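Here's the structure we're looking at; comments come further down.
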Amino acid sequence: MKSEPEEFSIDDLRQCPNQTEPWNGVRNYQARNLIRDEMQKGDLAFFYHSSCAEPGIAGIMTITSSAYPDPTAFDPKGKYYDLKSRRDAPTWYLVDVKFKRKMKCIIPLGELKDHKPLQRMKLLQRGSRLSVMPVSQREWDYILKLE
DNA sequence: GCCAACGTTGGC
DNA sequence: GCCAACGTTGGC
């Protein structure tokens, strides 16, 4: 799951109450589908820092809820407002995430690209811009060994 | 700041 | 349903 650290970083998540935060603001249908249909309470996710000096995997978090409607879509004054999402027919969903740990060091995007077993990761596909992407068990385990 | 790639919008 | 125009993302 991607976030721009200047907006919201792994350290910001660690400092949240109960180290938990709703992962709101996802406004892409593919990402929405992954959140709504694929994520389960108890799953783990990498926290990826994007659009920054050192893009890469910064830490690990736990999904602590199943998907529920993103309330920020209902707030006309908020930057994530979307009038087509209605309370009786929500368009956008989110999950709650909880800080688990930081990586010992950020695992840079450039390093991930160097490893053949990772070359099929969604993150590394050309033009891939999704803010939420699947990671296979095999990729997950391999990345943990890069620390 | 540049630009490639992708998503969304809207006229037809 | 097509597709051009425009907006956004994100690495570099």
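Note that the structure is predicted; figures quoted are calculated from it, not measured. Quick note on labels: first sequence line is chain A, next is B, and so on, each numbered from 1.
- Taking the ring centroids of Trp92(A) and Tyr29(A), they lie under the 6.0 Å cut-off.
- Of all heavy-atom pairs between Leu112(A) and Leu146(A), the closest is CD2-CD1, 4.1 Å.
- Of all heavy-atom pairs spanning Tyr80(A) and Asn24(A), the tightest one is CE1-OD1, 3.9 Å.
- A salt bridge between Lys102(A) and Asp11(A) is present, with a side-chain N of the basic residue lying under 4.0 Å from a carboxylate O of the acidic one.
- Using a 4.0 Å cut-off on heavy atoms, none of the residues of residues 22-33 of chain A approach DNA chain C.
- Look at Asp70(A) and Arg27(A) and you find a salt bridge, because one of the NZ, NE, NH1 or NH2 atoms lies within 4.0 Å of a carboxylate O, short of that distance.
- A salt bridge links Asp82(A) and Lys84(A); the closest N-O separation between the charged side-chain nitrogens and carboxylate oxygens is under 4.0 Å.
- Heavy-atom contacts of chain A under 4.0 Å fall on DNA chain B between two terminal nucleotides, which in 5' to 3' order are dA5(B) to dT8(B).
- Other residues, nucleotides and ligands place no more than 12 heavy atoms under 6.0 Å from the CZ atom of Arg138(A).
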